[in-house]
Number of protein chains: 2
Amino acid sequence: MNAIEPAAAKRRTWQRDAVRDALLERDGFVSAQMLHSALRDAGSTIGLATVYRALADLAADGAADHLQHDGESLYRACGSSGHHHHLICRSCGRAVEISADAVEAWARAVAAEHGFRDAEHVVDVFGTCADCARAAD
Amino acid sequence: MNAIEPAAAKRRTWQRDAVRDALLERDGFVSAQMLHSALRDAGSTIGLATVYRALADLAADGAADHLQHDGESLYRACGSSGHHHHLICRSCGRAVEISADAVEAWARAVAAEHGFRDAEHVVDVFGTCADCARAAD
DNA sequence: TTGCAATTGATAATCAATCTCAATAGATTG
DNA sequence: CAATCTATTGAGATTGATTATCAATTGCAA
């Protein structure tokens, strides 16, 4: 009856579960390719396209964070469900969730000041974490 | 004598000038591909690889801003030379340069707090500018 | 169990970006 | 001005990530 929302009947498959689980096992951002080869190495026969689809769905459902760096999309299981940002190690991919109300307010204010609507913001900090910095010396 | 800095003797070519000029003519972010086809349409015989190289050089010299969105690199002639961020219209690409010392300080503090070194940050706000919002109604 | 549409996955296609390398053309020197 | 040296160019090949295709598979509801 509802032509606008076709109910989006999502089916549960072991593939989707595998992707979600694999994502939960890590505490840093990973690319679809990395996740795919990790799953393959673990014996799974899951296809690459399926990993891409599953990750896109998780991100759309808010169950995963998504960001782009250096030409590739990175995903991470989303811990705190609210809006937040990340401090990411450029070497090992480990990420720390950070929230900053001040930044949110600033972004909103700047957009409003210039007459922009529906503002979204991209705020991420990349650096080298203490462990990786030590390892590099 | 300086083995670290080989003087980087940059030559001046009409191609580099063309890219710089084309970039200056716009007031929003453009991709290398867009700039290349615009130049071609205007009669230039410049090659795509050259546009990529010129843009990378401009960005490295601080003469252009660079950001990534939706899998492609976007460039813009840089007005103010210092570090700053952008408020970008997702519809027409127009960009407003914004600077916020508070955000810089916050990013530095967050990185330091978690033991991260060499922090860089990505801070951009996307929205729909007043003109585009009006046009969409 | 049956039927059907959502899902999968191997592979082809796409798209941005980079690399290769021979030809070209700034800059410098005589 | 001419010769020389080498950075730069550009057409096309290549890489790498992501998406599209489509026949075979498989949840799931009746």
Side-chain angles (χ1 to χ4, degrees), chain A residues 1-3 5-23 29-61 63-76 90 93, chain B residues 2-3 5-23 29-61 63-76 93:
Chain A
M1 295 295 126
N2 193 334
E5 259 303 317
K10 291 279 180 66
R11 289 182 185 170
R12 167 161 224 161
T13 62
W14 64 263
Q15 288 95 334
R16 285 206 225 274
D17 287 345
V19 170
R20 165 171 269 143
D21 292 347
L23 204 57
F29 279 84
V30 277
S31 66
Q33 315 255 2
M34 288 161 68
L35 213 52
H36 177 244
S37 50
L39 284 163
R40 285 292 186 129
D41 289 349
S44 173
T45 59
I46 196 170
L48 177 59
T50 302
V51 174
Y52 273 100
R53 284 185 287 240
L55 287 174
D57 284 351
L58 287 172
D61 293 350
D65 285 323
H66 168 247
L67 63 84
Q68 299 180 241
H69 185 242
D70 226 53
E72 66 180 1
S73 282
L74 301 178
Y75 295 86
R76 188 198 167 181
R90 73 177 114 241
Chain B
N2 191 336
E5 258 305 316
K10 290 280 179 68
R11 290 180 183 172
R12 168 162 222 159
T13 62
W14 64 263
Q15 287 96 334
R16 284 206 226 275
D17 286 345
V19 171
R20 166 172 268 141
D21 292 348
L23 205 57
F29 279 84
V30 277
S31 66
Q33 313 255 3
M34 288 161 67
L35 214 52
H36 177 244
S37 48
L39 285 163
R40 284 296 185 125
D41 289 349
S44 173
T45 59
I46 195 169
L48 177 59
T50 303
V51 173
Y52 272 101
R53 283 186 287 241
L55 286 174
D57 284 352
L58 287 172
D61 293 351
D65 285 322
H66 169 247
L67 64 85
Q68 298 181 243
H69 184 242
D70 226 52
E72 67 181 357
S73 282
L74 302 177
Y75 295 88
R76 187 198 168 184

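Keep in mind the model is a prediction, meaning the values are calculated, not measured. Each chain gets a letter, A, B and so on, in the order the sequences are listed, and its residues count up from 1.
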Round to a whole Å and report the spacing from [atom1] of [X] to [atom2] of [N].
{"X": "Phe29(B)", "N": "dA16(C)", "atom1": "CZ", "atom2": "C1'", "result": "18 Å"}
{"X": "His69(A)", "N": "dA17(D)", "atom1": "NE2", "atom2": "C1'", "result": "15 Å"}
{"X": "Asp57(B)", "N": "dA17(C)", "atom1": "CG", "atom2": "C1'", "result": "15 Å"}
{"X": "His66(A)", "N": "dA17(D)", "atom1": "NE2", "atom2": "P", "result": "14 Å"}
{"X": "Leu67(B)", "N": "dA17(C)", "atom1": "CG", "atom2": "P", "result": "12 Å"}
{"X": "Arg16(A)", "N": "dA6(C)", "atom1": "CZ", "atom2": "P", "result": "12 Å"}
{"X": "Leu74(B)", "N": "dA17(C)", "atom1": "CG", "atom2": "C1'", "result": "13 Å"}
{"X": "Asp70(B)", "N": "dA17(D)", "atom1": "CG", "atom2": "P", "result": "18 Å"}

Side chain to side chain, [X] and [Y], heavy atoms closer than 4.5 Å:
{"X": "Leu35(B)", "Y": "Tyr75(B)", "result": "no"}
{"X": "Glu72(B)", "Y": "Leu74(B)", "result": "yes"}
{"X": "Ile46(A)", "Y": "Val19(A)", "result": "yes"}

Checklist entry - Is the shortest side-chain N/O distance from Tyr52(A) to OP1 or OP2 of dT19(D) below 4.0 Å? => result no
Quick check: does any side chain N or O of [X] sit under 3.5 Å from a backbone N or O of [Y], one acting as donor and the other as acceptor?
{"X": "His36(A)", "Y": "Tyr52(A)", "answer": "no"}
{"X": "Arg53(B)", "Y": "Arg16(B)", "answer": "no"}
{"X": "Gln68(B)", "Y": "His69(A)", "answer": "no"}

Which heavy atom in [X] sits nearest to a heavy atom in [Y], and how many Å separate them?
{"X": "Ala32(B)", "Y": "Val51(B)", "result": "O-CG1, 3.6 Å"}
{"X": "Trp14(A)", "Y": "Thr45(A)", "result": "CH2-OG1, 3.9 Å"}
{"X": "Ala18(A)", "Y": "Leu39(A)", "result": "O-CD2, 4.0 Å"}
{"X": "Gly47(A)", "Y": "Arg40(A)", "result": "CA-NH2, 4.1 Å"}

Next on the checklist: Generate the contact string for nucleotides 25-30 of chain D. Rules: B means base contact, S means sugar-phosphate contact only, - means no protein heavy atom under 4.0 Å.
Outcome noted: -BBS--
Checklist outcome for this item: Scoring nucleotides 10-15 of chain C by protein non-hydrogen atoms under 4.0 Å (B base, S sugar-phosphate only, - none) yields S-----
Item to check | Worked check of side-chain contact (heavy atoms from CB on, under 4.5 Å) between Leu55(A) and Leu23(A) | outcome: CA-CA 9 Å; Leu55(A) 287 174; Leu23(A) 204 57; 4.0 Å; yes
Next on the checklist: Based on the rotation axes of five pairs at each end, what angle does the helix from dT1(C)-dA30(D) to dG30(C)-dC1(D) bend through, to 10°?
Outcome noted: 30°
Next on the checklist: Need one value for Ser73(A): base, sugar-phosphate or nothing, where a base atom within 4.0 Å counts as base even if backbone is also close, heavy atoms only.
Outcome noted: sugar-phosphate
